[in-house]
There are 2 protein chains.
Amino acid sequence: MKRIRSGRPRARVRDAAATRQRLFAAAAAEFAARGFAGASVDRIAAHAGLNKAMIYYHFKSKAALYREIIRDMFEAFGRRVSGVAASAATPADKIREYVDAFAIEAAAHPHFPPIWFREVAEGGAHLDDATVADMALILRSLTAIIDEGVEKKQFSPVNPLLVHAGIVAPVLLYFATAGIRARLERTGVRRVAGIDRAQVVAHVQRVTLGLLEGRIA
Amino acid sequence: MKRIRSGRPRARVRDAAATRQRLFAAAAAEFAARGFAGASVDRIAAHAGLNKAMIYYHFKSKAALYREIIRDMFEAFGRRVSGVAASAATPADKIREYVDAFAIEAAAHPHFPPIWFREVAEGGAHLDDATVADMALILRSLTAIIDEGVEKKQFSPVNPLLVHAGIVAPVLLYFATAGIRARLERTGVRRVAGIDRAQVVAHVQRVTLGLLEGRIA
DNA sequence: GTCTATAAATAGATAGAC
DNA sequence: GTCTATCTATTTATAGAC
């Protein structure tokens, strides 16, 4: 007598969570390369080895999928950065780790820098409130580090937004411009393609600490 | 006897150059707001008070129009910046003017910062060789200023790409984030919306010169 | 959960009248 | 030079079979 399977049907369930993840990864790459409007749900599905309809099954819409990717990115930045602010390190070391945090996340997630640049250009049109809260967390973390340094007479006060801009913009620019820099090098500009990540991070750390430690008139 | 007009027909020629200019301006705004893929030639034409077909008459295609806007932007940056490098000012003043150049152009052309950010994200996909040449000119101008300062024992040598990134990325970020900063301020983050252009420029000038003049260990 | 087929809207681009 | 009308391709999204 053949045993009839009862309960919920399992059929060819390849594991829903894994499918979702494959779609998410394919979408991140597509949005990074072409932007929200330029991305095609057909291409995302094909690149994930799945069908377009799955996107609407696992996510609500193209826009919802995009918002989830944006949220994930700022969450990742925010989580790492607030961990840095809460550690027991000295303020100077926290600044070094703050800089490194963006480089680490950008290196681990190559789609972060292009998506970040596009979202800036878009004026934050796709940011939901949770994401704005994560951005606020990032800035508050830096503010806390600076305040601590000032209180301990190790830093002089500088507007956190200016400090933040001086860190994130150059670091993410480095990651996002690998292709352009290679092309520039081919047209004769030197020392633009060969710079490595450690150099950039060290440079930004040095400049930021020089600023905060008052070594700049 | 009615005089018959001879020669080339003038008809309702509203002035071709002005029409072209209107389309160009409308396209710049549309591309800045929505990106290349997100922009619609219908909207561009409507916003210019003209018909879609005029875009294909005055420009070759949507892509050609976009390339012309990109080229115009980097030409404007390049022209101003190479003028700075060629002046008779001291190296330190040239650095100050180099920083100011980007702020001046960004303030005069509000579509520059978003388009610059998008093009970075795109990996330079729409850059023709003339535009890459303009980008190279910008970097060569900064290199010349730094080299002059080093030769005159006023600067210590620093990789021009790192200097450039530390200038352009924060300055353009400031202009591109006006909307997001206002939203952040509404959610409780302080001192992000109220910063004015002069403050940002002065800050970046100070940091860059601190770096170049060796006041940072 | 995953697929095929298709609806419905919108895109870029061109032909041809004026 | 400027317009209307239209072609064709592509898009997001959904219905329904399995």
Side-chain angles (χ1 to χ4, degrees), chain A residues 4-31 33-70 118 122 125-126, chain B residues 4-31 33-70 118 122 125-126:
Chain A
I4 303 294
R5 236 197 299 268
S6 64
R8 71 176 107 78
R10 288 190 60 254
R12 287 173 297 111
V13 175
R14 287 192 216 152
D15 188 14
T19 294
R20 226 187 112 93
Q21 181 49 37
R22 289 230 307 286
L23 287 169
F24 187 94
E30 172 82 358
F31 285 131
R34 303 179 187 251
F36 176 74
S40 140
V41 293
D42 260 322
R43 266 194 303 264
I44 292 171
H47 199 269
L50 289 160
N51 189 276
K52 174 165 60 167
M54 295 313 298
I55 288 178
Y56 296 93
Y57 176 78
H58 284 282
F59 305 88
K60 206 193 98 202
S61 66
K62 180 186 176 182
L65 171 54
Y66 183 73
R67 274 195 302 273
E68 194 160 321
I69 288 172
I70 294 278
R118 288 190 200 274
E122 209 94 7
H126 301 274
Chain B
I4 303 296
R5 235 197 299 268
S6 64
R8 70 176 107 78
R10 289 188 61 252
R12 285 174 298 111
V13 176
R14 287 194 214 152
D15 188 14
T19 294
R20 227 187 110 92
Q21 181 50 36
R22 291 229 308 285
L23 287 169
F24 187 94
E30 173 81 358
F31 285 130
R34 302 181 187 248
F36 177 73
S40 140
V41 293
D42 261 321
R43 266 194 303 265
I44 292 171
H47 198 269
L50 289 160
N51 189 276
K52 175 163 63 164
M54 294 314 298
I55 287 178
Y56 296 93
Y57 177 79
H58 284 283
F59 305 88
K60 206 192 99 203
S61 66
K62 180 186 177 182
L65 171 54
Y66 183 73
R67 275 196 301 275
E68 194 161 322
I69 288 171
I70 294 278
R118 288 190 200 275
E122 209 93 7
H126 301 275

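Every chain is numbered from 1, with letters handed out A, B, ... down the list of sequences. None of these values were measured; they are calculated from a predicted model.
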Could you tell me how far apart [X] ([atom1]) and [N] ([atom2]) are, to the nearest whole angstrom?
| X | N | atom1 | atom2 | value |
| --- | --- | --- | --- | --- |
| A:Q21 | C:dG1 | CD | P | 16 Å |
| B:R34 | C:dT10 | CZ | P | 12 Å |
| A:R20 | C:dT2 | CZ | P | 12 Å |
| A:K60 | D:dA13 | NZ | C1' | 12 Å |
| A:M54 | D:dT12 | CE | P | 17 Å |
| A:L65 | D:dA13 | CG | P | 10 Å |
| B:I44 | C:dT10 | CD1 | C1' | 15 Å |
| A:F31 | D:dT12 | CZ | P | 9 Å |

Which atoms form the tightest heavy-atom contact between [X] and [Y], and what is the distance?
| X | Y | value |
| --- | --- | --- |
| B:A27 | B:L65 | CB-CD2, 3.6 Å |
| A:V41 | A:I55 | O-CD1, 3.5 Å |
| B:R34 | B:R118 | N-NH2, 3.6 Å |
| A:A26 | A:I44 | CB-O, 3.5 Å |

Item checked: Candidates B:M54, B:K60, B:K52 - the one meeting side chain to side chain contact (heavy atoms under 4.5 Å, CB included) with B:Y56 -> B:K52
Kindly point out which of [options] is positioned nearest to the side chain of [X]?
| X | options | result |
| --- | --- | --- |
| A:Y57 | D:dA13, C:dT2, C:dA11 | C:dT2 |
| B:S61 | C:dT2, D:dC3, C:dA13 | C:dA13 |
| B:L50 | D:dC3, D:dT11, C:dA11 | D:dC3 |
| A:K62 | C:dA11, D:dT12, D:dT11 | D:dT12 |

Please enumerate all protein N or O atoms sitting under 3.5 Å from an N or O of nucleotides 4-8 of chain C, with distances to 0.1 Å.
residue	atom	partner	partner atom	Å
C:dT4	OP2	A:N51	ND2	3.1

Margin query: Under 4.0 Å, heavy atoms only, any strand: does A:A39 hit a base, just the sugar-phosphate, or nothing?
Written below: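 Sugar-phosphate only.
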Check: Counting only N and O atoms by type, is there a donor-acceptor contact under 3.5 Å from the side chain of B:E30 to the main-chain atoms of B:S40?
Finding: yes
Margin query: Just N and O in the side chain of B:Y56: are any of them under 4.0 Å from OP1 or OP2 of C:dA13?
Written below: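 So the side chain of B:Y56 is within the cut-off, an N or O lying under 4.0 Å from OP1 or OP2 of C:dA13.
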Margin query: Check the phosphate of C:dT2 against A:T19, side-chain N and O only, distance under 4.0 Å to OP1 or OP2. Yes or no?
Written below: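 True: A:T19 side-chain N/O within range (under 4.0 Å) of C:dT2 OP1/OP2.
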Notebook entry, point to check: Where does the angle between the aromatic ring planes of A:H126 and A:F36 fall among parallel (under 30°), tilted (30 to 60°) and perpendicular (over 60°)?
Noted result: tilted
